Amino acid sequence: MSDYRAPIAEMRFVMDELAGFRDVAVQLPEFAEATPDMADAILEEAGKFAAEVLAPLNRVGDQQGCRLTPAGVVTPPGWKEAYKAFCDAGWNGIACPPDHAGHGQPDSLAVAVKEMVCSANLSFSLGPLLTTGAVEALLTCASDELKAIYLEKMVTGQWTGTMNLTEPQAGSDLALIRSRAEPQADGSYRIFGQKIFITYGDHDMTDNIVHLVLARLPDAPAGVKGISMFLVPKFLVNADGSLGARNDAYCVSIEHKLGIHASPTCVMAYGDSGNLGGGAVGYLLGQPNRGLEYMFIMMNEARLGVGLQGVALGERAYQQALAYARERKQGRDAITGEALVTIDKHPDIRRMLMLMKCRVEACRAMTYYTYGLMDRVHAHPDADERKRHLLLAEFMIPIVKGGSTEMGIDVTSLGLQIHGGMGFIEETGAAQHWRDSRITTIYEGTTGIQANDLIFRKLMRDGGETARGFFGEIGATAKALAAAERPELKAIGQRLGSALEAWIKATEWLGASARSDLAGVLAAAVPYLHLAVTVCGGWMMGRAAFAAAAKLAAGEGDARFYASKIATARFYADQLLPQAAAYGETVQAGNAALGAVSDDLF
């Protein structure tokens with residue numbers, strides 16, 4: 001099993017050339033201290049921590065998993081010590097506000113640290129991911145009193161956070177949740193109900209866990225408009241900040257899963273034990289009946305984070321597959337005839353390695369770009385610019401989440417294929433990456449949910465204005481590449497221009513069909529998402545190639561690295577961008593074939 005090493009040079013290139021990190025210190029006063037030297041130091045230390053502390057525990061966690069005991073959930077050996085070291089080093093609050101003990105770094109820098117943590121140990125990374133999402137929700141809608149009690153301890157990682165959405169009968173349809181909240185005379189509430197699929201709902205790494213729980217008030221309207229959000233701590237907190245009584249919020253079972261074995265996926269029961277006289281004590285966050293709106297604050301953070309998980313797992317699988325291919329000897333070189341060569345000399349292995357490499361790089365660029373947009377959403381001094389960047393970031397989130405997680409499954413599967421039969425053997429560790437990746441297209445909204453979100457909430461909400469502006473940027477890049485002197489750039493530009501045309505035509509079809517053929521639009525949603533991902537990835541690769549060519553022309557930096565960027569972008573353009581036309585045709589086929597399928601055909 002190969003070791004993980006953070007691809008810092010690649011990360012810095014994407015941060016600076018594609019995600020806008022190089023400009024944040026100048027353009028955004030809030031991040032004036034985010035200098036290149038600081039970024040280098042942070043990434044170097046984060047890379048060491050990921051490789052030396054977290055990566056060695058990845059296999060341990062997969063093999064041993066978590067256990068539910070009478071005292072609660074017990075994490076694998078080394079987990080508590082690694083989590084303490086993670087928090088002591090300040091990684092948990094790297095992008096959180098300094099007012100609450102965070103480090104206040106821009107997202108376009110923090111994203112690289114988060115990727116390292118996910119690559120090194122995905123199961124470990126899920127606890128901090130949910131905690132920072134909960135922090136974002138509290139910053140938005142919690143009272144000053146609740147912020148004073150909970151925020152700093154969550155930012156530093158002393159306490160962790162969860163999101164409690166669905167229930168056994170609800171699945172993705174949160175209108176069906178039944179958990180209820182009964183108001184008390186002291187302003188608190190008593191929460192009753194059961195929640196499922198709660199990541200890190202219980203564990204032994206901290207002495208308190210802060211659950212954000214969706215529930216209904218007695219007079220709430222039906223459906224999603226009647227959902228409120230409540231803060232429910234594992235232990236109540238006394239006036240002096242010390243921990244008080246155990247709340248009636250318990251993990252009653254943990255799931256046995258395909259992957260992420262060391263991340264406890266809990267069934268949580270609220271108000272079942274009666275140890276507080278009935279119900280778990282909770283506190284209303286924000287306005288009544290606006291809980292789903294607030295939870296989506298966490299959801300957007302989590303969806304971006306899950307997209308990053310796809311990138312991270314793809315990177316880990318690529319590193320391992322490349323190391324194996326360079327060591328494993330088998331067969332003859334088809335070109336030279338040399339006997340018993342390492343398998344990285346075989347054309348099909350090289351093709352698969354390049355597919356892994358270019359797809360990871362494209363999705364990394366899309367993800368970092370979106371985190372860079374969030375920097376400007378939070379900190380740009382001009383309100384109109386904040387709004388513009390928010391619309392674009394929200395447009396990108398389902399593309400990042402849906403596209404990067406689907407990529408992660410494909411790339412980790414390619415990693416198994418490169419290992420051959422040894423990839424199917426657990427001892428190599430290659431299978432774990434695929435098993436861990438398989439959940440990413442499911443949790444925080446399936447690929448189908450992302451596709452519907454992209455079309456109905458993001459594409460159509462402003463009549464397609466955000467998309468048209470985005471298409472204009474991609475078109476400008478395609479024209480600049482096509483006009484370049486280097487033949488590789490010309491080829492990339494031509495491919496990108498053709499792919500963009502397919503996306504535009506498919507988008508126009510959706511707009512024309514939305515009212516007259518809803519079934520057709522719904523049937524086309526996932527192919528449309530794949531089309532968007534393919535073209536967005538091509539745009540990012542084209543931008544990367546253009547920037548790398550400029551560095552080569554100026555004689556700056558590592559010539560071999562920049563030549564590799566151009567070659568990888570050309571491979572993406574030739575091997576993946578032509579798929580855009582096929583996705584476009586699939587979209588415009590609508591429901592013609594599916595509509596003819598009767599129930600008895602299944």
Side-chain angles (χ1 to χ4, degrees), residues 12 14-36 38-39 42 93-100 102-112 114 132-133 135-142 147 155 286 293-294 296-301 303-305 307-308 365-400 453-454 457-477 480 532 536 539-540 543 546-547:
R12 278 307 306 267
V14 176
M15 287 165 55
D16 290 341
E17 303 297 336
L18 306 179
F21 172 75
R22 185 170 52 193
D23 302 322
V24 296
V26 177
Q27 296 177 352
L28 309 177
E30 182 176 324
F31 303 125
E33 296 182 2
T35 63
M38 175 182 286
I42 287 174
I94 185 171
C96 294
D99 291 350
H100 300 285
H103 291 275
Q105 295 298 332
D107 284 321
S108 52
L109 169 58
V111 61
K114 293 175 181 179
T132 54
V135 165
E136 194 69 26
L138 293 187
L139 286 168
T140 301
C141 62
K147 288 178 182 178
V155 168
E293 173 189 338
Y294 300 140
F296 264 97
I297 296 166
M298 290 183 71
M299 187 71 74
N300 274 336
E301 172 85 16
R303 285 177 173 176
L304 260 181
L308 185 63
M366 290 192 304
T367 305
Y368 282 33
Y369 169 78
T370 306
Y371 273 98
L373 292 174
M374 295 307 297
D375 281 337
R376 286 147 181 84
V377 171
H378 294 313
H380 201 286
D382 183 85
D384 290 338
E385 282 297 294
R386 290 197 299 273
K387 180 179 179 181
R388 183 176 72 85
H389 285 103
L390 177 60
L391 290 172
L392 187 52
E394 290 179 342
F395 182 78
M396 285 297 299
I397 284 172
I399 296 173
V400 168
D453 181 55
L454 174 63
R457 293 192 180 92
K458 307 301 168 58
L459 177 64
M460 296 184 178
R461 67 178 173 185
D462 59 0
E465 183 178 347
T466 297
R468 284 191 294 272
F470 194 50
F471 296 161
E473 290 191 46
I474 297 174
T477 299
C536 280
W539 179 49
M540 291 295 166
R543 291 178 63 207
F546 205 86

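Source: prediction; values computed, not measured.
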Problem set entry | Salt bridge flag under 4.0 Å for residues Arg12 and Glu17 |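 No.
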List the atom of [X], the atom of [Y], and the distance in Å for their closest heavy-atom pair.
X      : Y      : answer
Arg376 : Gly20  : NH2-O, 3.0 Å
Ala532 : Leu454 : CB-CD2, 4.2 Å
Ala365 : Val14  : CA-CG1, 3.7 Å
Thr370 : Ala393 : CG2-O, 3.9 Å
Phe21  : Pro106 : CE1-CG, 3.9 Å

Taking [X] for the side chain and [Y] for the main chain, is one N or O donor matched with an acceptor at less than 3.5 Å?
X      : Y      : answer
Arg388 : Ala383 : no
Lys147 : Leu139 : yes
Lys458 : Glu394 : yes
Asp107 : Gly372 : no
His103 : Gln105 : no
Arg386 : His380 : yes
Asp375 : Ser108 : yes

Problem set entry | side-chain contact (heavy atoms from CB on, under 4.5 Å) between Glu301 and Phe296, worked out | CA-CA 8 Å; Glu301 172 85 16; Phe296 264 97; over 6 Å; no
For this session: Please name all residues satisfying salt bridge (Lys or Arg N to Asp or Glu O under 4.0 Å) with Asp462, sequence neighbours left out, ordered by chain then number.
Result: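 Asp462 satisfies salt bridge (Lys or Arg N to Asp or Glu O under 4.0 Å) with no other residue.
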Exercise. Mind checking what makes salt bridge (Lys or Arg N to Asp or Glu O under 4.0 Å) contact with Glu293, not counting sequence neighbours?
Worked result: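 Applying salt bridge (Lys or Arg N to Asp or Glu O under 4.0 Å) to Glu293 gives Arg290.
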Exercise. What's the spacing between Tyr368 OH and Leu18 CG if we round to 0.5 Å?
Worked result: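 Between atom OH of Tyr368 and atom CG of Leu18 there are 11.0 Å.
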Problem set entry | From Leu308 atom CG to Tyr371 atom OH, the distance as rounded to the nearest 0.5 Å |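 The distance works out to 5.0 Å.
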For this session: Take Thr367 and Met396, measure what side-chain contact (heavy atoms from CB on, under 4.5 Å) needs, and give me the verdict at the end.
Result: CA-CA 8 Å; Thr367 305; Met396 285 297 299; over 6 Å; no
For this session: Start with the C-alpha gap between Val155 and His100, add the side-chain angles, then the distance that decides, and say whether side-chain contact (heavy atoms from CB on, under 4.5 Å) holds.
Result: CA-CA 7 Å; Val155 168; His100 300 285; 4.2 Å; yes
Should [X] and [Y] count as side-chain neighbours, where that means a heavy-atom distance under 4.5 Å?
X      : Y      : result
Ile397 : Asp453 : no
Met15  : Arg22  : no
Trp539 : Thr477 : yes
Lys387 : Leu390 : no

Problem set entry | Within 6.0 Å of CD in Glu385, more than 12 heavy atoms from elsewhere |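 Enclosed: over 12 neighbouring heavy atoms sit under 6.0 Å from CD of Glu385.
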Problem set entry | Arg461, CZ: over 12 other non-hydrogen atoms inside 6.0 angstrom |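 Buried by this count: over 12 neighbours within 6.0 Å.
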For this session: Output all residues satisfying side-chain contact (heavy atoms from CB on, under 4.5 Å) with Ala467, sequence neighbours left out; order by chain, then residue number.
Result: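 With neighbours one apart ignored, the set is Phe395, Leu459, Phe471.
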For this session: Mind running side-chain contact (heavy atoms from CB on, under 4.5 Å) on Cys536 and Tyr369 for me, showing each step along the way?
Result: CA-CA 11 Å; Cys536 280; Tyr369 169 78; over 6 Å; no
